[in-house]
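These numbers come from the heavy atoms of this one structure, side chains and all, not from hydrogens, waters or symmetry mates.
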Amino acid sequence: MAKRNFSFAILLFFFFFLFFFLFSFSLATNVSYDHRSLIIDGQRKLLLSASIHYPRSVPGMWPGLIKTAKEGGIDVIETYVFWNGHELSPGNYYFGGRYNLVKFVKIVQQAGMHLILRIGPFVAAEWNFGGVPVWLHYVPGTVFRTDNEPFKNFTTYIVNMMKREKFFASQGGPIILAQIENEYGDIERIYGDGGKPYAMWAAKMAVAQDIGVPWIMCQQYDAPDPVINTCNSFYCDQFTPNSPNKPKFWTENWPGWFKTFGSRDPHRPPEDVAFAVARFFQKGGSLNNYYMYHGGTNFGRTSGGPFITTSYDYDAPIDEYGIARLPKWGHLKQLHEAIKLCEHPMLHGEPTLLSLGSLQEADVYTDSSGGCAAFISNMDEENEKTVYFQNVSYHLPPWSVSILPDCKNVAFNTAKVGHQTSIMEMVPEYLQASMTSPDKESKAPKWGVYVEKAGIWGEADFVKNGFVDHINTTKDTTDYLWYTTSFYVNENEEILSNRNQATLVISSKGHALHAFVNQKLQGSASGNGLNSTFDFESPILLKAGKNEISLLSMTVGLQNAGPFYEWVGAGLTSVKVKGLKNGTVDLSSNAWTYKIGLEGEHLKIYQANGLNSVKWQSTSEPPKNQPLTWYKAVVDPPSGDEPVGLDMIEMGKGLAWLNGEEIGRYWPRRSSLHEECPSECNYRGKFMPNKCSTGCGEPTQRWYHVPRSWFKPSGNILVIFEEKGGDPTKIKFSRRRTTSVCAHVSEDYPSFDLESWPKYTASTKKNIATLHLKCPEGTLISTIKFASFGTPTGKCGSYSKGDCHDPKSIAMVEKVCLNKKGCDIALSKDNFNMGLCPGLMKKLDVEAVCS
């Protein structure tokens, strides 16, 4: 009997094993490619992808970000893997919190989306040190981006982790592509004889990982088979893969740009982004990835550059706070719907190119089943054109593409933005004392204050004649390095008795500096995003006898790209005092005493377990404009549930934490008033980052994202380290809120639900352009600030009536929209006087308040 039971158990085990094996195999997805596209389970696929970097948001935001991307017509989420966030020291790995890669991939999978994993392990990405751990630079014999074991080991570690979780499509997971290296082809020749062999080694090493899905290499013009080379640029329509057997992929379509402290705020118009995407697909592209679709935040000290801001908003379709940026998100959503309607003929037929003018052309795709799709483009940057295609006339605005999913009807034109615009505001709230704090009777919080000593605190780290490199000394464990020396002034020195002053003159490789003489701040200086080096010159007050010069050198993110970028240094190169009786005193070769970091950092007084390491001075009136000062307050969270930014406009420069979480570097450094910030952005023509900038003379970054998930119901500990002086009583939390929505539609706009395209094309009924308005969740349209049917002018927030105006416009819009979450208004004779101003193309502009 026991023998029979044992045999039965073996049979049962075998049955379950076979079932599990067959079930797992049935979930596996076959991913390959041909000259036209990626092929998933035998089907060619046209793919729209979105870069969302997991450590640039928090886990509580991930489901919402992915949901918003999917609603925007996105099929694929793309992310880099950030090596220096994971391997904190050799063999010491971290995958918690914002770095929980497995959790992020699972959320993508649960949303029913694909994933592109760009392992790197070098990533650039405006991320500190390009994503490579700083410690690796100090491993003997290691040169970044060359054939070396650490690069291979980390790649293998990530691949094995993904395999264990069965995340590759070949295992039934969401990962359909993986990337090795990053934009190496642009600098390969600079690495000399070792450049090409390294690229080939990286590709071979990746393919040997046997992941069951294709590998890609972006900007790698010599990527060997079977690795696919891809394009990164503002425009990739003219890109051609290095083999006729490889598909045309766009791994980085930049819908905006990054910012550096002290620069203007770059914006890329949605019309131009849509134009670039439509042209890419028109010319045979099959995978477009927006870098970034959600930029997020460089929390803590993760920004690179140097000088990259803490915000990595990127003017992306989803903003830093996780809110869809309108109209960009909506315009691209409609573009995606139109392109998807063309998928079958595009992927199963070769295009026919038709010239329709000197700068006008059509690419026509037909398939064997009779399907037809056409892209008609006007590359003229100045002039609109009327062209004839298949004996029908089509009007094309300048620099635009019309998409005809049936080769007859225009579903979308890239220059005609029909989606609503949102006006976002940061609604301020002064910090409120927490109900759990001792000063709960007062609305304003009491502050704890702790002041750092300028120069050497505790024992010196070392003394050396001359200067050391800042980065080689701190190894990026901190932004801060103190350089301290002293010199003597004779009591007979003339500057002590007359009005003349000595001058302190400093040169530095970067990135920033605060100069103290005898414990008093004399001034500050810094480089910028274009040039890290700088010079400092300031009059100083000296005394007879010993004078101490303490110089706080700072990094603002490490170099993140470029050939041999790991060798770029920082720190002082020259220190002199001019104006003394005996001439200039050069202190550069003096004995300098060095101290790495700040005392407060060393004691971790920004964390709960380090708060009591120093004696905080409690006060309701904290000192203002005082350098080297730590401030602490116990506060309640701001009201509501909107995303939160910390308003630091009245502070100088420093670091901020909430409940021990690193908000990051703050620096409301202003851009120059003398740079160009056009009042109107012309979408037409090639985009460059300085084309459509705003914010001249304003702080590059005023607000700093504080995720809602970091707040407790009460007793939140806000800690600020202020380097040069500010007013902490003016610090505020601000809630990001949509206050108004605007929409614009013209009589000639395509205006229908693209999901009902077959129904529309089968109907003989004429399409009627319709304006759509919708307020955010939990709000209603409370006021119509502006409405005009006719020839209104201006833009959202500053519309005005034109010479042609239907006086019933406001009444009509109020009747349809007031006290509703959203409304649709057709440009029809039932709603407006369509006979108004004969011969003119009429439009409707509306601005509504949501509350």
Side-chain angles (χ1 to χ4, degrees), residues 48 50 68-69 71-74 253-256 265-278 290 292-295 313-339 397 399-403 411-425 680-684 687 691-692 694 736-746 748-754 769-776 781 785-787 792-799 817 822-825 827 843-850:
L48 295 154
T68 304
E71 289 171 352
I74 295 297
N253 171 5
W254 306 318
D265 198 355
H267 299 278
R268 188 177 183 192
E271 299 95 326
D272 183 60
V273 182
F275 174 80
V277 174
Y290 296 100
M292 300 293 297
Y293 196 79
H294 164 73
D313 180 85
Y314 219 88
D315 197 35
I318 303 176
D319 74 11
E320 178 181 5
Y321 295 84
I323 300 170
R325 173 172 274 111
L326 303 177
K328 185 173 281 187
W329 178 90
H331 191 52
L332 295 177
K333 170 184 167 69
Q334 292 170 345
L335 167 69
H336 301 156
E337 290 171 343
I339 289 172
W399 199 252
S400 75
V401 179
S402 284
I403 300 174
F412 183 86
N413 178 273
T414 58
K416 296 179 179 180
V417 180
H419 201 280
Q420 74 178 34
T421 297
S422 292
I423 296 179
M424 307 299 299
E425 290 186 10
E680 293 287 335
C681 175
N682 182 0
Y683 76 87
R684 298 172 292 185
F687 177 79
K691 181 180 179 182
C692 290
T694 61
R736 188 160 178 80
R737 176 188 291 177
T738 302
T739 53
S740 297
V741 291
C742 301
H744 160 96
V745 70
S746 180
D748 66 340
Y749 271 35
S751 186
F752 41 78
D753 182 359
L754 287 169
T770 302
L771 180 143
H772 307 280
L773 280 177
K774 186 179 180 183
C775 280
I781 297 171
K785 284 182 75 174
F786 180 89
T793 59
K795 58 183 181 180
C796 185
S798 58
Y799 288 131
C817 298
C823 57
D824 303 322
I825 309 161
L827 302 194
K843 57 187 179 180
L844 173 64
D845 286 351
V846 177
E847 180 178 351
V849 175
C850 297

Across all chains, not counting sequence neighbours, the side chain to side chain donor-acceptor pair (under 3.5 Å) partners of Y314 are none
CG (N682) and CD (E271) are apart, to the nearest 0.5 Å, by 9.5 Å
Closest heavy-atom pair and its distance - L827, L844: CD2-CB, 3.7 Å
Short side-chain to backbone donor-acceptor contact, K328 and V273, under 3.5 Å: no
D315 vs P266 side-chain heavy atoms within contact, under 4.5 Å: no
Those residues that, when tested against D845, pass salt bridge (Lys or Arg N to Asp or Glu O under 4.0 Å) (two or more places apart): none
K843 side-chain N/O to P792 backbone N/O, donor-acceptor pair under 3.5 Å: yes
Check whether any side-chain heavy atom of Q420 sits under 4.5 Å from a side-chain heavy atom of S422, and report yes or no. yes
Using a 3.5 Å distance criterion without hydrogens, assess whether the side chain of R268 forms a donor-acceptor pair with backbone atoms of W254. yes
Nearest heavy-atom approach of E71 to K333 is O-NZ, 2.8 Å
Flag, side chain of T414 to backbone of A274, donor-acceptor distance under 3.5 Å: no
Euclidean distance, Y290 OH relative to L48 CG, rounded to 0.5 Å: 6.0 Å
Looking at side-chain heavy atoms only, is the closest gap between I339 and V277 below 4.5 Å? yes
Contact check, side chains of I403 and L335, non-hydrogen atoms, under 4.5 Å: yes
If we check side chain to side chain donor-acceptor pair (under 3.5 Å) with R325, which of these qualifies: T421, D313, D319? D313
Within the structure provided, determine whether F786 and C742 are in side-chain contact (heavy-atom separation under 4.5 Å). no
Contact check, side chains of K416 and P397, non-hydrogen atoms, under 4.5 Å: yes
Worked check of side-chain contact (heavy atoms from CB on, under 4.5 Å) between Y799 and K785: CA-CA 10 Å; Y799 288 131; K785 284 182 75 174; over 6 Å; no
Is K795 reaching over with its side chain to a backbone N or O of E680, donor-acceptor style, under 3.5 angstrom? no
Using modelled atom types and a 3.5 Å cut-off, is there a donor and acceptor pairing between side-chain atoms of H336 and backbone atoms of G72? yes
Separation between OG1 of T739 and CD1 of I423, rounded to the nearest 0.5 Å: 5.5 Å
Shortest non-hydrogen contact between A69 and I318, atoms and distance: N-CD1, 4.0 Å
Considering all heavy atoms, the nearest H294-G322 contact: CE1-N, 4.2 Å
Closest heavy-atom pair, A848 versus I781, reported as atoms and distance to 0.1 Å, is CB-CG2, 3.8 Å
Within this structure, what is the CG-CG distance for the pair L771 and D824, rounded to the nearest 0.5 Å? 8.5 Å
Are T68 and W329 side-chain neighbours, meaning at least one heavy-atom pair lies under 4.5 Å? yes
Nearest 0.5 angstrom please: I323 CD1 to M424 CE, how far? 3.5 Å
Would you call the rings of H331 and F412 parallel, tilted or perpendicular, taking 30° and 60° as the class edges? tilted
So which heavy atom on P317 is nearest to which on P255, and how close? CD-CG, 4.1 Å
NZ of K774: more than 12 outside heavy atoms within 6.0 angstrom? no
